[in-house]
S.K.: 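For reference, the structure I am asking about is given below.
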Protein chains: 2
Amino acid sequence: MKLSTRARYGTRALLDLARHEGEKPVQLKEIAGRQNISLHYLEHIIAPLVRAGIIRSTRGARGGLQLTRQPKDVRLSEVIQLLEGTISPVDCIGNPESCERADTCVTRDIWCEMKKAIDATLDSVTLQDLVEKQERKEAPLKQNA
Amino acid sequence: MKLSTRARYGTRALLDLARHEGEKPVQLKEIAGRQNISLHYLEHIIAPLVRAGIIRSTRGARGGLQLTRQPKDVRLSEVIQLLEGTISPVDCIGNPESCERADTCVTRDIWCEMKKAIDATLDSVTLQDLVEKQERKEAPLKQNA
DNA sequence: ACAAAGTTTACTATTTTGGTCAACAATGGA
DNA sequence: TCCATTGTTGACCAAAATAGTAAACTTTGT
Ligand code: FES
Ligand code: FES
C-alpha cells in the first residue's frame with residue numbers, strides 16, 4: 001500500500017507548475033530543478049498528464065507546460081488516478097473476473113470500502129488547496145506578524 | 001497502492017480460521033486447502049500473526065492454529081498492519097526523516113490524511129463482522145424463506 | 001538553418017513480490 | 001522410545017514492478 005514515486009513526484013511537479021504559472025509556459029527543466037527530480041524521469045511522469053489533457057505542452061524554443069484548467073478545478077483523485085494507474089487495493093474491484101467467486105467474497109467488500117475512503121480523501125483536495133497550503137507554510141513570519 | 005497477496009491471503013486465512021474454530025486446533029493444511037493457497041506460502045504469511053499473538057499455534061501431532069481472542073476483538077487494522085508491514089502511502093509519515101524538508105511539504109499532509117482514511121476503514125471492521133457477512137452470503141436461501 | 005524545447009522508445013539496475021524447498025523443532029501417540 | 005505429524009525457520013529463486021538513464025526524434029521560435 002505504498003504510493004509510487006511517480007505519484008509523489010507527479011503531484012509535486014503539478015503543484016510546482018500551478019505555483020509558477022504565468023503568461024509564459026513553465027519549462028520541465030525548471031520544475032525538475034526546483035523539485036530536485038531527474039529531468040528524464042520527470043518526462044515520463046508528466047506524459048500521462050499531458051495525454052489526459054490536464055497539462056498543455058508546447059514544444060520548441062520558449063515552449064513549456066501550462067495547466068489547461070484552473071488549479072481549483074484539478075482534483076487530486078484525478079491526478080493520482082492518472083499517475084498511479086489505479087488506486088484499487090485489489091484488481092477485482094475494477095473487474096470482478098480477476099478473482100474467482102468474487103460474488104461471494106466478503107473481503108472484497110472491505111477492500112472496496114478502502115478504495116472509497118481513499119477516493120473520497122483525494123477527491124476533496126484540489127491543486128488550489130495545495131497551493132494555498134504551501135503559501136501559508138512558506139510565509140510563517142507574515143502569519144505571526 | 002495495491003494490497004499484497006500476503007494481506008489478502010492472510011485475511012482470508014484468518015477468516016477461515018475464525019469460521020472453523022472449535023475445540024480442536026485447525027490445521028494450516030486445512031485452511032490452505034479450503035482457501036486454495038499454497039501451504040508453504042501460507043506458513044510465511046501466518047508467521048507474523050503468530051508472533052504478534054493473534055494466533056496460538058501448537059505443533060506436533062493433532063496440532064494446529066487457534067485464535068487467542070474472540071473474532072469480535074480482532075480488528076482488520078491490526079491484521080493488515082501485521083501482514084502488510086505498514087499501510088502508509090509514504091515512508092515520511094512514520095519517520096519524517098526519510099524525506100528532506102518534510103516539515104514544509106504540503107503533499108505529505110495529504111498522504112497523511114489518506115492513511116487516516118484507510119486506517120479508519122479497517123479499524124471499523126472486525127473478524128466477527130466478516131464471519132457474519134460470510135454467513136449471510138452463504139445462506140441466501142434462508143434469508144429468502 | 002539552428003537551437004531549444006517536449007516526445008518517444010529502448011534499455012538497465014534495483015527492489016519487491018510471490019512463491020518453493022528443505023532442514024529443523026516440538027508434540028502426541030503407538 | 002520412536003515415529004508420524006504438525007508448525008517454524010531460513011535459504012533460495014523467478015517474475016514483475018519500480019525507478020531511472022540514454023538517446024533518437026519532433027516541433028517550434030528566431
Ligand atoms: S474477490 Fe477479489 S479479493 Fe475476494
Ligand atoms: S515529506 Fe515525504 S512526501 Fe513530502
S.K.: Would you kindly say whether B:Ser4 and B:Glu84 are connected by a side-chain donor-acceptor distance under 3.5 Å?
M.R.: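 Result is yes, a qualifying pair exists.
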S.K.: Do B:Ile55 and B:Thr68 have side chains that approach each other closer than 4.5 Å (heavy atoms only, starting at C-beta)?
M.R.: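 A side-chain contact under 4.5 Å is absent here.
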S.K.: Please report the distance, rounded to the nearest Å, between CG in B:Leu42 and P in D:dT6.
M.R.: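 One finds 15 Å between P of D:dT6 and CG of B:Leu42, rounded.
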S.K.: Looking at CD1 of B:Ile54 and CZ of B:Arg75, how far apart are the two atoms once the value is rounded to the nearest 0.5 Å?
M.R.: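 So the gap between those two atoms works out to 12.0 Å.
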S.K.: Does a side-chain N or O of A:Ser38 approach OP1 or OP2 of D:dG20 to a distance below 4.0 Å, or not?
M.R.: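 No, outside the criterion.
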S.K.: Using whole Å, what does the distance between atom C1' of nucleotide D:dG7 and atom OH of B:Tyr41 come to?
M.R.: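 About 19 Å, once rounded to whole Å.
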S.K.: Estimate the overall bend of the helix from C:dA1-D:dT30 to C:dA30-D:dT1 from the end axes over five pairs each, rounded to 10 degrees.
M.R.: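 Comparing the axis at each end, I get an angle of 0°.
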S.K.: With side chains defined as the heavy atoms from C-beta onward, is the minimum distance between A:Lys137 and B:Val106 less than 4.5 Å?
M.R.: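 Result yes, sub-4.5 Å side-chain heavy-atom pair found.
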S.K.: Within the 4.0 Å limit for protein heavy atoms, which parts of nucleotides 22-30 of chain D are touched? Write it as a string from 5' to 3', B for base, S for sugar-phosphate only, - for none.
M.R.: BB--BBBSS
S.K.: Determine whether the side chains of A:Thr5 and A:Tyr41 contain a donor N or O and an acceptor N or O closer than 3.5 Å.
M.R.: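 Yes, A:Tyr41 and A:Thr5 have a side-chain donor paired with an acceptor closer than 3.5 Å.
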S.K.: Treating A:Lys115 as the side-chain partner and A:Val90 as the backbone partner, does any N or O pair qualify as donor plus acceptor under 3.5 Å?
M.R.: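 Not a single qualifying donor-acceptor pair exists.
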S.K.: For B:Leu3 and C:dT17, what is the distance between atoms CG and C1' respectively, to the nearest whole Å?
M.R.: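 Rounded to the whole Å, the gap is 13 Å.
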S.K.: State, yes or no, whether a side-chain contact exists between A:Glu21 and A:Gln66 at a heavy-atom distance under 4.5 Å.
M.R.: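 Yes - at least one pair of side-chain heavy atoms lies under 4.5 Å apart.
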S.K.: Heavy-atom contacts under 4.0 Å between residues 16-37 of chain A and DNA chain D, which residues?
M.R.: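 Those residues: none at all.
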S.K.: If you define the side chain from C-beta out and look only at heavy atoms, does anything of B:Leu15 sit under 4.5 Å from B:Arg19?
M.R.: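 They are in contact (side-chain heavy atoms under 4.5 Å apart), so the answer is yes.
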S.K.: Let me know which of A:Gln134, A:Arg136, A:Gln128 forms a side-chain hydrogen bond (donor to acceptor under 3.5 Å, both in side chains) with A:Glu132.
M.R.: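 Considering A:Gln134, A:Arg136, A:Gln128, a side-chain hydrogen bond (donor to acceptor under 3.5 Å, both in side chains) with A:Glu132 is found only for A:Gln128.
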S.K.: Whole angstroms only, please: what is the CE-P distance between A:Met1 and C:dT17?
M.R.: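 My rounded result for the distance is 12 Å.
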S.K.: Taking side chain to side chain contact (heavy atoms under 4.5 Å, CB included) as the definition, give me every residue that meets it alongside A:Cys105, ordered by chain and number, with sequence neighbours left out.
M.R.: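 Once residues adjacent in sequence are excluded, the partners of A:Cys105 under the side chain to side chain contact (heavy atoms under 4.5 Å, CB included) criterion are A:Thr107, A:Arg108.
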S.K.: Check whether any side-chain heavy atom of B:Leu65 sits under 4.5 Å from a side-chain heavy atom of B:Pro25, and report yes or no.
M.R.: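 Contact flag for B:Leu65/B:Pro25 side chains = no.
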S.K.: Would you say A:Lys72 and A:Leu127 make side-chain contact, with heavy atoms under 4.5 Å?
M.R.: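 A side-chain contact is absent here, since even the closest heavy-atom pair is not under 4.5 Å.
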S.K.: Measure the distance from CD1 on B:Ile46 to P on C:dG19 and round it to the nearest whole Å.
M.R.: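 In whole Å, C:dG19 P and B:Ile46 CD1 are 15 Å from each other.
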S.K.: Side chain to side chain contact (heavy atoms under 4.5 Å, CB included) with B:Asp129: which residues, sequence neighbours excluded?
M.R.: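 Side chain to side chain contact (heavy atoms under 4.5 Å, CB included) check on B:Asp129 returns B:Val125, B:Thr126.
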S.K.: Using whole Å, report how far CD1 of B:Ile55 lies from P of D:dG7.
M.R.: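 From B:Ile55 CD1 to D:dG7 P: 11 Å.
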S.K.: For B:Lys2 and C:dT17, what is the distance between atoms NZ and P respectively, to the nearest whole Å?
M.R.: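 Atom-to-atom, B:Lys2 to C:dT17, this comes out as 13 Å.
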S.K.: Give the rounded distance in Å between these two atoms: CG of B:Leu39 and C1' of D:dT9.
M.R.: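 In whole Å, D:dT9 C1' and B:Leu39 CG are 14 Å from each other.
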S.K.: Let's see if you get this right: which residues in residues 6-15 of chain B place a heavy atom under 4.0 Å from DNA chain C?
M.R.: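 B:Tyr9 - these, ordered by number, are the residues of the stretch whose heavy atoms sit under 4.0 Å from the strand.
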S.K.: Measure the shortest side-chain to side-chain distance between A:Glu78 and A:Leu49 over non-hydrogen atoms and say whether it is less than 4.5 angstrom.
M.R.: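 Sidechains of A:Leu49 and A:Glu78: no contact.
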S.K.: Looking at B:Ser57, I'd like to know whether one of its side-chain N or O atoms comes within less than 4.0 Å of OP1 or OP2 on D:dT6.
M.R.: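 For B:Ser57, the contact criterion (side-chain N or O under 4.0 Å from OP1 or OP2 of D:dT6) is not met.
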